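Read through the structure below, which is laid out as structure tokens, and then see the notes.
On a predicted model such as this, the values are computed, not experimentally measured, just so you know.
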Amino acid sequence: MGVSGPIRVVVAKPGLDGHDRGAKVIARALRDAGMEVIYTGLHQTPEQIVDTAIQEDADAIGLSILSGAHNTLFAKVIELLKERDAEDIKVFGGGIIPEDDIAPLKELGVAAIFTPGATTTEVVAWVRDHVRELAA
């Protein structure tokens, strides 16, 4: 995979959660920072999200979850990336995620978790600093 051009991020809303304002705010902030953002829309399955990320040659997947199903959905996305030899795609997430669930999610391979207090500036800075370390 090439490391030239803008960082490409798939922003996705897995599961049945119908609230996408936060995901849209993050997508816009990443776009405004010069990244290419592919927003998948609501109600995506982990399979659809991983397919999109691979087809779009994404550098990262940002998952927004408010439904409480983050443990299952994050795990499934990570598992599918491993199955498809796409573990170089970094996964980060945000939403309503209890403090107690953050460490186990990171152990699974989720690179970062942003809770409701996080600012778009923090998310953009994290993506810029961690998603494509070799880009310079």
task = List for me each residue that meets salt bridge (Lys or Arg N to Asp or Glu O under 4.0 Å) alongside Glu56, sequence neighbours excluded, and say none if there are none.
result = Arg8
Contacts under 3.5 angstrom, residues 75-82 side chains, donor-acceptor by atom type, not counting sequence neighbours:
residue	atom	partner	partner atom	Å
Lys76	NZ	Glu79	OE2	3.4

request  = Take Ile26 and Thr120 through the side chain to side chain contact (heavy atoms under 4.5 Å, CB included) test and state the conclusion after the steps.
outcome  = CA-CA 6 Å; Ile26 294 299; Thr120 54; 4.1 Å; yes
ask   = So which pairs with a foot in residues 20-34 pass salt bridge (charged side-chain N to carboxylate O under 4.0 Å, His left out), sequence neighbours left out?
value = Asp20-Lys24
Set of side-chain hydrogen bond (donor to acceptor under 3.5 Å, both in side chains) partners for Glu87, sequence neighbours left out = none
ask   = Any donor-acceptor pair under 3.5 Å linking the side chain of Lys13 with the backbone of Ala23?
value = no
Partner residues of Thr45 under the side-chain contact (heavy atoms from CB on, under 4.5 Å) criterion, sequence neighbours left out = Glu47, Gln48
ask   = So which heavy atom on Val124 is nearest to which on Ala33, and how close?
value = CG1-CB, 3.5 Å
Nearest heavy-atom neighbours spanning Val9 and Gly62 = CG1-N, 4.2 Å
request  = Kindly give the heavy-atom pair with the smallest separation between Gly34 and Pro6, and that separation in Å.
outcome  = O-CB, 3.3 Å
key: Same apolar cluster (I L V M F W Y, side chains within < 4.5 Å links), Leu42/Leu66   = no
ask   = What are the two closest non-hydrogen atoms of Ser64 and Pro14, and how far apart are they?
value = O-CD, 3.6 Å
message = Quick check: is Val123 connected to Ile7 through a chain of hydrophobic side chains (ILVMFWY, heavy atoms under 4.5 Å apart)?
response = yes
message = Going by ring pair (Phe, Tyr, Trp, His ring centres under 6.0 Å), name the pairs with one or both residues in residues 37-57, residues two or more places apart or in two chains.
response = none
note = Hits for side-chain contact (heavy atoms from CB on, under 4.5 Å) against Ser67, two or more places apart or cross-chain, chain-then-number order -> Asp17, Ile65, Ala69
task = With the side chain counted from C-beta on, respond yes when Ile54 and Ile89 share a heavy-atom pair under 4.5 Å apart, and no when they do not.
result = yes
ask   = Who pairs with Thr121 by side-chain hydrogen bond (donor to acceptor under 3.5 Å, both in side chains), at least two apart in sequence or on another chain?
value = none
request  = Kindly compute the distance separating OG1 (Thr52) from CD (Gln44), expressed to the nearest 0.5 Å.
outcome  = 6.0 Å
ask   = Is there a side-chain contact between Pro46 and Leu73 (heavy atoms, below 4.5 Å)?
value = yes
ask   = If every non-hydrogen atom of Val10 is compared with every non-hydrogen atom of Ala53, which pair is closest and at what distance?
value = CG2-CA, 3.7 Å
Donor-acceptor pairs under 3.5 angstrom involving side-chain atoms of residues 91-118: please list them, not counting sequence neighbours.
residue	atom	partner	partner atom	Å
Asp101	OD2	His70	NE2	2.7

